[in-house]
Amino acid sequence: MKFFKTLTIALALVSGVAAMAQEAVQPSRPRLVVGIVVDQMRWDYMYYYGKRFDGGGFNRLLSAGFACQNTMVDYAPTVTACGHSTIFTGATPALSGIAGNSYHIDGKSVSSVQDDAVDGVGTKAKLGKRSPRNLLVTTIGDELRLATDFKSKVIGISLKDRAAILPSGHAANAAYWYDKSGPAFITSTYYMKELPAWVKQYNRTDAKLLGTDLWGSWRGVTATFNMALAALDGERLGQTDGETDMLTVSVSTTDMSAHVYGTRSPQVDSCYLELDRQLGRFFTALDQKVGRGNYLVFLTADHGGTNNEKYSAAHNLPGKQLNVWGLIKPVNSELKAQFGVDSLISEVNEYSIYVNNDAIARHGLERQAVVQAAMTAFKSQEGIERMVDLDNVATATLPQPLKERLIKGYYPGRSGQLYAIPLPGYYAGSGGDGSNHGTPSADDTHIPLVFMGWGINHGETFAHTGMIDIAPTVCALLHIQMPSGCIGNPITAITK
């Protein structure tokens with residue numbers, strides 16, 4: 001009898017230990033992860049607009065969340081597609097292949113998310129021919145889906161196609177972006193054959209708003225969060241007993257209005273005040289539907305922005321617009337005079353410059369001689385501080401941090417071979433009141449980063465944080481594998 005009693009106790013102990021071990025290796029996770037990207041949001045906007053924020057958005061983020069006050073973009077060019085892909089992959093353009101908003105594949109200029117093998121869903125426009133296939137690495141959402149045997153739902157939403165598609169990743173359940181010709185939110189056959197009923201319903205319900213100017217006014221902020229809330233309900237994100245879901249939301253209007261009207265313009269001001277209100281409304285909805293403390297939110301930007309030259313001049317600050325696109329003609333004229341061949345520079349894509357290697361080879365020219373002559377010609381133009389041959393950037397005479405940014409932003413075969421670095425305060429433009437970005441300057445590279453909610457204690461750090469550190473931090477909190485091309489590290493001030 002004693003033997004059976006002892007055996008029963010032993011079995012109970014083993015069973016208990018096994019149960020404890022199983023609990024120990026099953027990590028706690030939030031019901032929902034929300035990644036919010038504000039397009040062209042400078043870091044200082046959180047405090048520049050701080051006294052006017054009363055919508056319960058930014059004040060709640062900063063009073064309850066953890067702010068990384070010295071977060072920098074790790075590469076150049078600082079543009080939308082590169083930023084969104086880097087935030088959610090932890091991989092810079094040198095690894096992700098997303099070398100710009102547009103770049104070359106097989107010698108042809110393509111949009112960052114262009115995919116002619118798919119068709120639009122909810123539209124007949126070419127804007128529907130989009131997918132994440134040009135992205136060469138995985139995202140947070142991809143790894144979350146892998147970790148849960150694809151039971152997690154991952155949805156991406158933005159007015160811009162690339163800002164919906166690149167954050168959500170390859171294995172996303174869906175990405176939705178705005179088609180003005182609809183007007184409606186659409187997707188592509190990469191994800192599905194027909195829009196879900198809730199998307200069709202949203203497009204009908206908000207038809208009047210969708211038919212207004214969403215790109216250049218605060219209304220675009222409203223429409224973006226209306227669609228995000230529709231997705232929250234339509235997909236019941238974070239509201240079941242299943243696995244952790246993920247929603248990515250990118251606010252594009254802040255970028256488009258700044259491009260037209262300039263930083264700190266009344267139009268941009270109204271976008272940020274509306275953003276604060278919509279964030280407050282969104283957080284309240286998450287509290288009610290997912291549960292306060294049951295979701296993890298992070299907010300950041302894909303890049304900053306450089307002030308318009310008129311604004312700078314009015315305050316005696318250095319800076320000017322630089323018509324880089326207009327430089328191709330005079331530079332090609334100089335090169336023709338020297339080498340006798342037309343169009344040795346094939347394209348100028350803001351600061352990324354493509355050398356016509358076919359013409360060089362066809363005419364038997366020495367490539368390095370052409371490259372050197374082109375760099376000298378571009379360098380002679382006002383506002384260009386340095387020219388860099390990206391194939392030989394390692395030997396360039398540059399400050400090491402700048403050199404590293406150029407290396408991390410260069411993908412051979414997709415990027416232009418030459419890179420123009422403008423003087424601080426100078427930016428690509430051709431007149432008008434708008435601002436721009438794309439440079440390695442602090443205006444364009446210093447971005448906000450705030451985490452709030454599940455697993456996050458209130459606080460801040462002024463230690464250097466890279467954009468590439470965002471994805472591994474989220475993955476560490478979730479106890480999932482970091483994305484396949486990730487070169488960042490978890491922010492230990494948050495994860496410890």
Side-chain angles (χ1 to χ4, degrees), residues 72-79 82-83 92-94 99-101 103-104 303-309 312 317-335 338-339 344-357 360 366-412 414-430 435-446 466-467:
M72 307 296 290
V73 180
D74 310 86
Y75 56 84
T78 46
V79 296
C82 300
T92 66
N101 290 333
Y103 41 79
H104 285 192
H303 52 73
T306 298
N307 294 319
N308 180 272
E309 68 172 330
S312 296
L317 298 171
K320 198 172 181 181
Q321 294 189 52
L322 174 64
N323 185 3
V324 290
W325 305 277
L327 297 180
I328 189 169
K329 188 173 181 179
V331 169
N332 270 332
S333 293
E334 286 191 41
L335 295 178
Q338 185 170 346
F339 297 99
L344 288 173
I345 298 300
S346 60
E347 183 181 338
V348 174
N349 188 347
E350 293 196 348
Y351 313 105
S352 186
I353 299 164
Y354 290 83
V355 177
N356 191 339
N357 290 315
I360 290 172
E366 204 278 303
R367 184 183 183 280
Q368 199 53 40
V370 174
V371 165
Q372 193 56 53
M375 290 171 62
T376 301
F378 277 109
K379 178 69 171 61
S380 67
Q381 308 298 316
E382 180 189 2
I384 295 183
E385 183 178 28
R386 301 172 193 239
M387 286 295 302
V388 181
D389 176 4
L390 292 173
D391 285 330
N392 297 290
V393 64
T395 59
T397 306
L398 291 170
Q400 190 62 29
L402 181 55
K403 185 182 295 188
E404 289 179 1
R405 284 182 183 174
L406 293 179
I407 291 171
K408 290 176 181 177
Y410 177 53
Y411 193 93
R414 292 191 175 188
S415 302
Q417 297 90 348
L418 307 182
Y419 199 84
I421 303 174
L423 288 163
Y426 280 68
Y427 58 95
S430 54
S435 58
N436 205 351
H437 49 85
T439 77
S441 72
D443 284 344
D444 291 351
T445 57
H446 192 187
M467 180 186 272

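Numbers here simply count residues along the sequence, with the first being 1.
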For N356 and S346, indicate whether the former's side chain and the latter's backbone hold a donor-acceptor pair under 3.5 Å. no
Less than 4.5 Å apart, side chain to side chain, heavy atoms only: is that true for L390 and Q417? no
Minimal non-hydrogen separation, L335 against A374, with atom names: CD2-N, 3.7 Å
L402: what forms a side-chain contact (heavy atoms from CB on, under 4.5 Å) with it, not counting sequence neighbours? L398, P399, I421, P440
Tell me, do S441 and T306 make a side-chain contact under 4.5 Å, heavy atoms counted? yes
How about D443 and Y427: do any of their side-chain heavy atoms sit closer than 4.5 Å? no
Could you tell me if the side chain of P318 sits less than 4.5 Å from the side chain of P424, heavy atoms only? no
Search all heavy atoms of D74 against all heavy atoms of M467 and return the closest pair with its distance. OD1-N, 2.9 Å
K379 side, atom NZ; M387 side, atom CE - distance, nearest 0.5 Å: 10.0 Å
Main-chain N/O of S435 paired with N307 side-chain donor or acceptor, under 3.5 Å: no
Do the side chains of L344 and V355 get nearer than 4.5 Å, heavy atoms only? no
Test salt bridge (charged side-chain N to carboxylate O under 4.0 Å, His left out) applied to K320 - qualifying residues, sequence neighbours left out: E382
Of all the heavy-atom pairs spanning A396 and V388, show the shortest one and how long it is. CB-CG1, 4.4 Å
Can you confirm whether Y75 sits close enough to E404 that some side-chain heavy atom of one is under 4.5 Å from a side-chain heavy atom of the other? no
Which residues share a side-chain contact (heavy atoms from CB on, under 4.5 Å) with D389, sequence neighbours left out: Q368, V371, M375, D391, N392, L418
Evaluate D444 against H303 for side-chain contact (heavy atoms from CB on, under 4.5 Å), listing each step before the verdict. CA-CA 6 Å; D444 291 351; H303 52 73; 5.6 Å; no
What pairs with H446 under side chain to side chain donor-acceptor pair (under 3.5 Å), at least two apart in sequence or on another chain? none
Ignoring hydrogens, what is the shortest heavy-atom contact between G409 and S415? Give both atom names and the distance. O-OG, 3.8 Å
Looking only at non-hydrogen atoms, find the nearest pair between H437 and G305 and report the distance. CB-CA, 4.3 Å
Approximate separation, where rounding is to 0.5 Å, of E385 CD and L423 CG: 5.0 Å
Restricting to non-hydrogen atoms, name the atom on G100 and the atom on V79 that form the minimum distance, rounded to 0.1 Å. CA-CG2, 4.0 Å
Between the side chain of K408 and the main-chain N/O of A94, is any donor-acceptor distance below 3.5 Å? no
ring-ring contact (aromatic ring centres under 6.0 Å, His included) against Y411, all qualifying residues, sequence neighbours excluded: none
Determine whether a donor-acceptor pair (N or O, by modelled atom type, separation under 3.5 Å) exists between the side chain of N436 and the backbone of G429. no
Is any side-chain heavy atom of Y419 closer than 4.5 Å to a side-chain heavy atom of V393? no
Keeping S312 on the side-chain end and L317 on the backbone end, is there a donor-acceptor pair under 3.5 Å? no
side-chain contact (heavy atoms from CB on, under 4.5 Å) partners for P422, two or more places apart: L322, Y351, Y426, T439
At what distance, to the nearest 0.5 angstrom, does CD of E334 lie from CG of N332? 10.0 Å
Look only at the side chain of R386 and the backbone of T397, and say whether a donor-acceptor pair between them is shorter than 3.5 Å. yes
Find out whether Y354 and Y103 are in side-chain contact, i.e. whether some heavy atom of one side chain is under 4.5 Å from a heavy atom of the other. yes
